[in-house]
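In what follows, a single structure is set out as structure tokens and then discussed.
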2 protein chains.
Amino acid sequence: MTSLSAQSAGSKPRPTMRHVAELAGVGIKTVSRVINGEPNVTPETTQRVLDAARALDYQPDLHAGNLRRSDRRTRTLGLLVGSVDNPFSGAVHRAVEDAAAERGVAVFASSLDDDPEREREAVAAFLRRRVDGLILTVASADQAYLEPELQRGTPVVFVDREPSGIETDAVVSDNAGGAARAAEHLLAQGHRRIAYLGDLHSIQTARERRRGFLDALDRAGVPIDESLVVEDLHDQGAACAALLRLLDGSNPPTAVFSAQNLITIGALHALRERGRHRDTALVGFDDIELADLLEPGVTVIAQHPDDLGRIAAERVFERLDGDRSASQRIVVGTTLIMRGSGEISPGR
Amino acid sequence: MTSLSAQSAGSKPRPTMRHVAELAGVGIKTVSRVINGEPNVTPETTQRVLDAARALDYQPDLHAGNLRRSDRRTRTLGLLVGSVDNPFSGAVHRAVEDAAAERGVAVFASSLDDDPEREREAVAAFLRRRVDGLILTVASADQAYLEPELQRGTPVVFVDREPSGIETDAVVSDNAGGAARAAEHLLAQGHRRIAYLGDLHSIQTARERRRGFLDALDRAGVPIDESLVVEDLHDQGAACAALLRLLDGSNPPTAVFSAQNLITIGALHALRERGRHRDTALVGFDDIELADLLEPGVTVIAQHPDDLGRIAAERVFERLDGDRSASQRIVVGTTLIMRGSGEISPGR
DNA sequence: TGCCCCGTTGACAACGATGTCAAATCTAGT
DNA sequence: ACTAGATTTGACATCGTTGTCAACGGGGCA
């Protein structure tokens with residue numbers, strides 16, 4: 001007969017160590033020992049416990065254990081990226097996940113959307129869940145609010161963008177260097193009127209890329225036409241519209257540097273729309289899928305998001321393993337991939 | 001002077017409600033009331049507690065609370081997708097995240113890589129962390145192992161692929177219908193020799209797409225040339241190689257249906273490599289970025305991963321809110337997007 | 001003035017697990 | 001056969017929080 005005092009919604013209660021212990025006829029601590037592979041349990045006892053655990057489909061409660069355990073590790077990481085459906089973020093995420101999974105660590109992922117408020121909320125959500133470490137892409141102007149958490153020993157590693165107002169590890173692309181490389185490449189083709197299409201000025205990497213680009217023009221002694229430097233483009237549509245405006249102007253650029261993947265896609269649309277894709281050079285920052293199949297292929301300064309993610313995760317685990325050395329700023333290089341669009345000369 | 005009995009690594013201890021209570025000069029239960037916004041606390045007491053919490057940078061421990069709380073909700077979801085760096089998965093993930101964030105729920109994301117073992121490990125990792133619900137894309141042949149968890153009342157919703165060996169909610173694309181639509185579209189252009197490039201036969205959606213495709217040919221009375229039906233292609237390289245082989249054969253296809261996004265990209269490479277992209281028709285299953293900028297544009301059967309993710313998340317939350325109705329199988333339609341490649345006729 | 005009631009507060013047990021420690025059992029050595 | 005020492009086992013406190021419940025104090029009413 002089934003018990004009359006069943007659960008409310010017909011759902012069986014979740015088994016605990018106590019249930020397993022009862023069924024196996026041992027003490028609860030012995031179950032704990034078996035589940036955690038601690039020594040000094042006879043093979044027969046071990047087997048009885050394992051059988052009981054299997055019979056009840058017992059799953060240990062990591063958080064209850066963590067509450068009492070001395071290391072206080074939840075084996076959980078918090079990851080904040082631009083957006084989980086952006087390919088760049090996806091690659092970072094995947095690299096972090098791989099490094100984490102290897103160590104039995106699960107990853108909370110959140111999307112930032114370049115919103116400082118989402119940043120704060122995501123971090124708070126991570127901390128309430130007692131993640132062992134944080135890997136963050138940030139949008140706020142100042143991350144000093146993380147200082148107390150850092151003092152408590154929680155590893156915090158910044159990825160993609162550098163921290164401000166706080167001293168901690170960071171893994172970033174060589175944004176200025178990559179942008180300069182793009183500018184130099186276009187200058188080498190003979191271009192002098194190069195448009196710059198950039199992301200929100202509030203984003204640290206966007207400022208870096210702009211700086212690298214402008215510095216390179218400066219070094220080459222090319223005067224800067226302010227009307228060709230457009231910032232605060234945050235999606236394909238805005239980028240497309242901005243470039244259309246430049247192309248339709250009286251003195252259009254002969255080359256374009258688009259400083260982010262979505263902006264590059266918007267620029268590609270604008271060039272096609274005006275039929276200028278074969279005579280206007282284009283170099284994009286960040287690689288894009290299918291760039292090699294377009295005609296012309298899209299020349300890009302490729303970042304290495306997988307390296308960013310992997311290295312950031314490794315920093316976190318090194319810190320968790322006791323590394324107390326000074327915080328590092330690790331710069332990952334970029335790679336110029338020539339596919340055609342960046343090798344168009346201004347002659348026409 | 002600083003205390004001599006400081007922390008080992010110079011890290012301050014994490015404050016608990018007890019510390020806040022002490023600093024505010026109140027009982028610990030009063031702190032709990034304030035933090036959780038429970039009624040019956042005077043404004044002055046509330047203020048003192050909030051000040052103390054702020055001063056200590058107190059963050060409540062969600063898991064400790066959950067242990068005692070009656071609802072036993074961790075406000076956490078487990079999401080298993082193909083791979084977090086696949087654009088389709090990214091869109092599903094983003095939709096789930098948005099629905100979850102709205103409710104203060106955090107999301108664990110894991111990549112499946114179509115590996116049954118990873119599936120089991122990811123699910124176990126989720127359950128040890130006591131997620132409130134599971135949204136799963138699966139690779140195993142049978143998910144009966146989830147039955148006990150389902151009995152305990154944990155909502156489990158399958159996304160993208162249907163469950164097997166278990167009765168629960170599922171949100172899937174109309175795979176057979178979409179594949180049939182692709183076949184019909186190519187047939188309508190006059191094609192009779194249409195190649196099928198499919199994913200691993202072990203994947204349920206791959207079998208569905210193959211079935212839909214073959215059934216459509218059958219209905220049209222077009223004989224099936226087995227040599228044109230290639231399965232078990234799991235990445236760009238394999239797809240590219242397979243299509244090259246077909247193109248180099250004595251009787252190449254006049255049209256190609258590529259049944260998955262990576263396969264479509266591999267097919268595009270193969271067609272370019274042989275210079276056949278303007279005379280061989282191509283329809284891909286699943287939309288791909290930049291498909292509209294290629295020449296010809298890539299005709300696709302677009303899925304709606306954002307809808308899949310959003311609806312799956314909604315199902316989970318409805319179940320959590322007490323919905324005990326029979327499990328549903330929700331089918332999300334696909335959309336044929338004509339961009340040129342699918343409208344090439346066999347004539348040449 | 002005295003009583004009741006309600007708003008406010010805190011002591012205490014409990015959630016599911018692990019660390020500590022002592023009790024029980026076994027082994028071996030004399 | 002007896003004891004020392006090692007091995008196996010479980011009772012109990014505890015982690016940070018919330019649910020229960022009782023105590024306290026003040027206001028309103030008879």
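Worth saying up front: this structure is predicted, and the values here are computed from it rather than measured. Naming: A, B, ... by sequence-line order, numbering from 1 per chain.
For B:Arg68, whose side chain is taken as the heavy atoms from C-beta onward, the closest listed nucleotide among D:dG10, D:dC15, D:dT17 is D:dT17. For A:Ser70, taking side-chain heavy atoms from C-beta onward, the closest of the listed nucleotides C:dG19, D:dG16, D:dT18 is C:dG19. Among C:dA17, D:dT9, C:dT18, the nucleotide with an atom closest to any side-chain atom of A:Ala64 is C:dA17. For B:Met17, taking side-chain heavy atoms from C-beta onward, the closest of the listed nucleotides D:dT9, D:dT17, C:dA17 is D:dT17. Here the nucleotide nearest the side chain of A:Leu67, chosen from D:dT17, D:dC15, D:dT9, is D:dC15. Of the candidates C:dT9, C:dA17, D:dT18, C:dA17 carries the atom nearest the A:Thr16 side chain, counting heavy atoms from C-beta on. The nucleotide whose nearest atom lies closest to any side-chain atom of A:Thr45 is, among C:dT9, D:dT9, C:dT18, D:dT9. In this structure, of D:dC15, D:dT17, C:dG10, it is C:dG10 that holds the atom nearest to the side chain of B:Arg33. Of the candidate nucleotides D:dT7, C:dT18, D:dG19, C:dT18 has the atom nearest to the side chain of A:Ser32. For A:Ile28, the side-chain atoms get nearest to C:dT18 when compared with the rest of C:dA13, C:dT18, C:dA11.
Distance, A:Gln59 CD to C:dG16 P: 15 Å, rounded to whole Å. If you take CZ of A:Arg14 and P of C:dA17, they are 10 Å apart, rounded to a whole angstrom. Atom C1' of nucleotide D:dT17 and atom CD1 of B:Ile35 are separated by 11 Å, given to the nearest angstrom. For the pair B:Lys29 NZ and C:dA14 P, the interatomic distance rounds to 16 Å; values are reported in whole Å. When rounded to the nearest whole Å, the span between CD of A:Glu44 and C1' of D:dT9 equals 14 Å. Following rounding to the nearest Å, A:Asn36 (CG) and C:dG16 (C1') show an atom-to-atom distance of 12 Å. The interatomic distance linking B:Arg73 (CZ) with C:dC15 (P) rounds to 19 Å, in whole Å. Rounded to an integer number of Å, the gap from A:Asp61 CG to D:dT17 C1' is 14 Å.
Checked by atom type, the side-chain pair B:Arg120/B:Ser140 shows no donor-acceptor distance below 3.5 Å. The closest side-chain donor-acceptor pair between B:Thr74 and B:Asp132 falls under 3.5 angstrom. Counting only N and O atoms by type, the side chains of B:Arg129 and A:Thr76 include a donor and acceptor under 3.5 Å apart.
Contact check, B:Asn40 against C:dG7: no side-chain N or O comes under 4.0 Å of OP1 or OP2. In terms of phosphate contacts, A:Thr42 brings no side-chain nitrogen or oxygen within less than 4.0 Å of OP1 or OP2 of C:dT25. Within the 4.0 Å cut-off from OP1 or OP2 of D:dT17, not a single side-chain nitrogen or oxygen of B:Asn66 is found. Taking only side-chain nitrogens and oxygens, A:Thr30 comes nearer than 4.0 Å to OP1 or OP2 of D:dG10.
Residues A:Val49 and A:Ala24 come closest through the heavy atom pair CA-CB, 4.0 Å.
Using a 4.0 Å heavy-atom distance criterion, B:Arg72 is classed as a sugar-phosphate-only contact.
Ring geometry for B:His93 versus A:His93: interplanar angle of 30 to 60°, hence tilted.
Each of B:Pro39 and B:Arg69 was matched to the nucleotide of DNA chain C holding its nearest heavy atom; the match closer to the 5' end belongs to B:Pro39.
At a threshold of 4.0 Å, the pair A:Asp57-B:Arg152 counts as salt-bridged, since one of the basic side-chain nitrogens sits closer than that to a carboxylate oxygen.
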